[in-house]
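Each remark here refers to the structure printed beneath this line.
The first residue of the sequence shown is numbered 1, and numbering continues consecutively from there.
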Amino acid sequence: MRWDERSGVNYIVLVKQVPNIKNIPPDAWDWEKGILKRNLLETVCNELDKQALAFAAALRSERDGMIVALTMGPPFATDVLAYALAICADRAVLLTDRKLGGADTPATAYPLAQAIRRIETEIFGGDRDYLVITGMQSVDGDTAQVPPQVAEELGIPHIAYATSFEFTDDGLQVARITRSGREVVAPTRYPALITVTKWTENPFATFARTRWASEQQMTVWSAEDVGADPTRIGLKGSRTGVHRIFSPKDAATKTCDFESDMSVLARKIKDLHDARVASLEAAAADGEEYRIPEGRMPSFSGEVWVFAEQEDGELHSAAFELLGRASALAKSLRSQVGAVVLGVDVAPMAADLIAHGADKVYVIEHEALAHFSPIPFTVAMAEVITMHQPQILMFAATPMGRELAPRVAYRTDSGLTADCTALDLIDLKRAGKEYTAVLRQTRPALGGNIMASILTQHSKVQMSTIRPGVLKALTPDESRVGEVVRHTPDLSQCDPGVRVLSYEPIQHTAELSEAGVIAAGGVGCRTRENYDAYIRPLARALGEYLGEPSMVGGSRAAVERGFIDRGHQIGQTGQTVKPRVYVAVAISGTVQHLTGMQNSDVIVAINKDAKAPIFNVADFGVVGNLEEAVPQLVEALEAGRSN
């Protein structure tokens, strides 16, 4: 049935009540236990879930239907449901139960999927013509894993990174961002799940609607009410567990040094740059890899694998970075390195992967893998994992990796840790049992306010996504010899559920990962002329001052306004960078942008808003207008170079 022939369509919007990461009081930290006391935090609706509500409201304005808001959380999570009702929701469902506490992403996705099944049966009367809509990720966990895992549990297609939609005679079409461009896709079956990125202004409720919402009765369900298997929820159903949380005190969180004298700032930047370079060189010289203790065997077994992402016949550079770390881990584990590449006619890529450290390359070819689609890629990956049982599998935390890894992990009952910045092996003793050579996966959380070390549990494969630019690739050795293992997956019964209608690639004009210095401009530049007049001279002057190759970058908002092309975009849906020095000019510092640059060695922020979130991750800050601050800094850098 064509969409325009349907009598109506229903919508389920997943919303989450999260801590306000912009306002974490000092006494919210338990210094002894190294944990965050959430009961002391102000809570708000997750920002991208506000975007999901706006998306659902816009869809309903063109195709009428019921909107049901669903959340899982403690009893006070009714606050976020009241907000959803005030915006656009017709019904609100709270899934709350002590048994659900402490859940990781699969133990969250499963009960949410069970609740969706009950909504379909009881509220929609068995009608399966509905969409599940949610924000791309939440600011507290920041994993982007729950939505794809909900889709995997329900066996439905998902469309990630949606930025807009339209209806045609052929039905719904959704525009989405990919790593290498923009594509328009259409769901071919329903239900389907859509994750939304920032696409419009946040919606606001009217007084009348807010009053109406306060009078509505919310539906409250327990884990038992939705038929959740007790072994698949809460701590018992989680496949990962927190090993340690580093509080700001332990992690030596940055305190921004605000400076108004540009000559002093230039010297401070150079001093910290030189100190960081010396520190990194010393660490590289003294670095010592893990060794298995005498007489003990690793707790996991198998090869160390890397998903080698490729698009249009070109390997992503992050695959080589992952192989560099995989080689070190495999050496410590006395194992081998495997690279898995999917597509059509991808066998020639094996030589490059072997040169960068792979001992084996698993070549998975099928016509259904010609273009990335989550369902066939998940089925193919799960099939080869089941056949060969690696102990570690790493994905790059690119848009593709963040779509694929959660579904693969869920399908194979594996633990997955997102957006890791460090991977190492440790031994530990827990609950009277000793573990040897376990992968410790370290990642930022709560918008970068804390660092958490995560361990895999209750699964045979330890899976991670790692941010591009964090790890270092090995120098390729063309003389290396490896094994190529070919496999043709059984995708005969695999329905992708999504059809690609058009694809617009980005012209890759910049490989920002090669830059030692990046000056990036945001929407506060206001015009392309301002961007060119202030950001480009700053990048040039800073690069010359520090003796580093320099490039310019931009926030997504700056790219969308045409200040600079998409090839220079930095952030969640752009490039992830780790330069020696990163200067953010007129960039507020959304979570999506911070994801792409917060691992830079030295961060300088220039913004007229003293409360801009970018200052929370900056080493040095300047509060002021770019028209005054940037020319003064450029002048100081040029004077410092001549001196």
Side-chain angles (χ1 to χ4, degrees), residues 18-24 42 44-51 54 135-140 142 163 177 196-204 253-259 444 446-449 512 518-528 530-531 534-535 538-539 552-564 566 568-577 579 581-600 602-630 633:
V18 297
N20 182 359
I21 63 172
K22 299 176 183 177
N23 182 29
I24 300 181
E42 174 193 358
V44 294
C45 179
N46 182 53
E47 282 296 307
L48 288 177
D49 293 342
K50 295 178 182 179
Q51 295 288 304
M136 180 177 68
Q137 62 199 56
S138 62
V139 296
D140 55 348
D142 195 25
T163 57
I177 297 169
V196 180
T197 185
K198 175 75 174 176
W199 73 287
T200 188
E201 296 301 317
N202 281 338
F204 290 94
T253 300
K254 292 177 180 176
T255 299
C256 185
D257 179 2
F258 289 93
E259 183 57 68
L446 278 175
N449 283 280
L512 295 174
I518 295 175
V523 68
C525 291
R526 296 192 300 280
T527 66
R528 185 177 185 117
N530 279 350
Y531 181 97
Y534 296 108
I535 307 303
L538 177 59
V552 293
S555 66
R556 179 182 161 191
V559 169
E560 290 179 342
R561 284 162 176 78
F563 300 171
I564 193 168
R566 275 284 305 274
H568 291 260
Q569 182 177 322
I570 295 167
Q572 184 78 69
T573 51
Q575 296 191 48
T576 299
V577 298
V581 178
Y582 185 90
V583 184
V585 181
I587 294 175
S588 63
T590 64
V591 171
Q592 289 71 39
H593 185 76
L594 296 182
T595 294
M597 48 63 69
Q598 63 187 2
N599 291 307
S600 304
V602 179
I603 298 174
V604 183
I606 301 174
N607 201 291
K608 65 180 181 181
D609 180 5
K611 295 182 179 179
I614 192 70
F615 289 122
N616 295 333
V617 299
D619 296 284
F620 304 112
V622 177
V623 179
N625 294 320
L626 80 158
E627 293 91 344
E628 297 176 4
V630 172
L633 180 55

Going from [atom1] on [X] to [atom2] on [Y], what distance comes out if it is rounded to the nearest 0.5 angstrom?
X	Y	atom1	atom2	value
R526	L626	CZ	CG	6.0 Å
I564	R528	CD1	CZ	7.5 Å
L594	I570	CG	CD1	12.0 Å

State, yes or no, whether a side-chain contact exists between [X] and [Y] at a heavy-atom distance under 4.5 Å.
X	Y	answer
V630	I606	yes
F620	F258	no
V581	S600	no

Practice prompt. Please list, chain by chain and in numerical order, all residues satisfying salt bridge (Lys or Arg N to Asp or Glu O under 4.0 Å) with E628, sequence neighbours excluded.
Written response: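 Salt bridge (Lys or Arg N to Asp or Glu O under 4.0 Å) list for E628, sorted by chain: empty.
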Discussion item. Which residues pass the salt bridge (Lys or Arg N to Asp or Glu O under 4.0 Å) test with D257, not counting sequence neighbours?
Written reply: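 For D257 the salt bridge (Lys or Arg N to Asp or Glu O under 4.0 Å) partners, ignoring immediate neighbours, are K268.
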Sequence neighbours excluded and cut-off under 3.5 Å, please list the side-chain donor-acceptor pairs for residues 552-563, or say none.
residue, atom, partner, partner atom, Å
S555, OG, A558, N, 3.3
R556, NE, E560, OE2, 2.7
R556, NH1, T197, OG1, 3.0
R556, NH1, K198, O, 3.1
R556, NH2, K198, O, 2.8
R556, NH2, E560, OE2, 3.0
R561, NH1, A557, O, 3.3

Practice prompt. List in chain and number order the residues that pass side chain to side chain donor-acceptor pair (under 3.5 Å) with N46, two or more places apart in sequence or in another chain; answer none if no residue qualifies.
Written response: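 So N46 forms a side chain to side chain donor-acceptor pair (under 3.5 Å) with D49.
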Item to complete: Check side chain to side chain donor-acceptor pair (under 3.5 Å) between S588 and all other residues, then give those that pass, not counting sequence neighbours.
Response: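 S588 satisfies side chain to side chain donor-acceptor pair (under 3.5 Å) with no other residue.
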Shortest non-hydrogen separation from [X] to [Y] and the atoms involved:
X	Y	result
F615	V623	CZ-CG2, 4.1 Å
A520	Y582	CB-OH, 3.2 Å
C45	K50	O-CE, 3.7 Å
V577	P579	C-CD, 3.6 Å
V18	S138	CG1-CB, 4.3 Å
G621	C256	N-SG, 3.4 Å

Item to complete: Ignoring hydrogens and angles, tell me if any N or O in the side chain of Q51 forms a donor-acceptor pair with the backbone of W199 under 3.5 Å.
Response: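 Answer holds: yes.
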Worksheet item: Do any N or O atoms from the side chain of T527 and from the backbone of N530 form a donor-acceptor pair under 3.5 angstrom?
Response: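 Yes.
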Practice prompt. Begin from the C-alpha positions of V196 and M136 and carry the test side-chain contact (heavy atoms from CB on, under 4.5 Å) through to its verdict.
Written response: CA-CA 5 Å; V196 180; M136 180 177 68; over 6 Å; no
Discussion item. Per the side chain to side chain donor-acceptor pair (under 3.5 Å) rule, what does the pair list look like for residues 602-612, sequence neighbours excluded?
Written reply: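 For residues 602-612, and leaving out neighbouring residues, there are no side chain to side chain donor-acceptor pair (under 3.5 Å) pairs at all.
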Item to complete: Test I518 against H568 for side-chain contact (heavy atoms from CB on, under 4.5 Å), laying out the working first.
Response: CA-CA 10 Å; I518 295 175; H568 291 260; over 6 Å; no
Worksheet entry | Positive for side-chain contact (heavy atoms from CB on, under 4.5 Å) with V604, one of D619, V585, V583, L538 |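 The single option meeting the side-chain contact (heavy atoms from CB on, under 4.5 Å) with V604 is V583.
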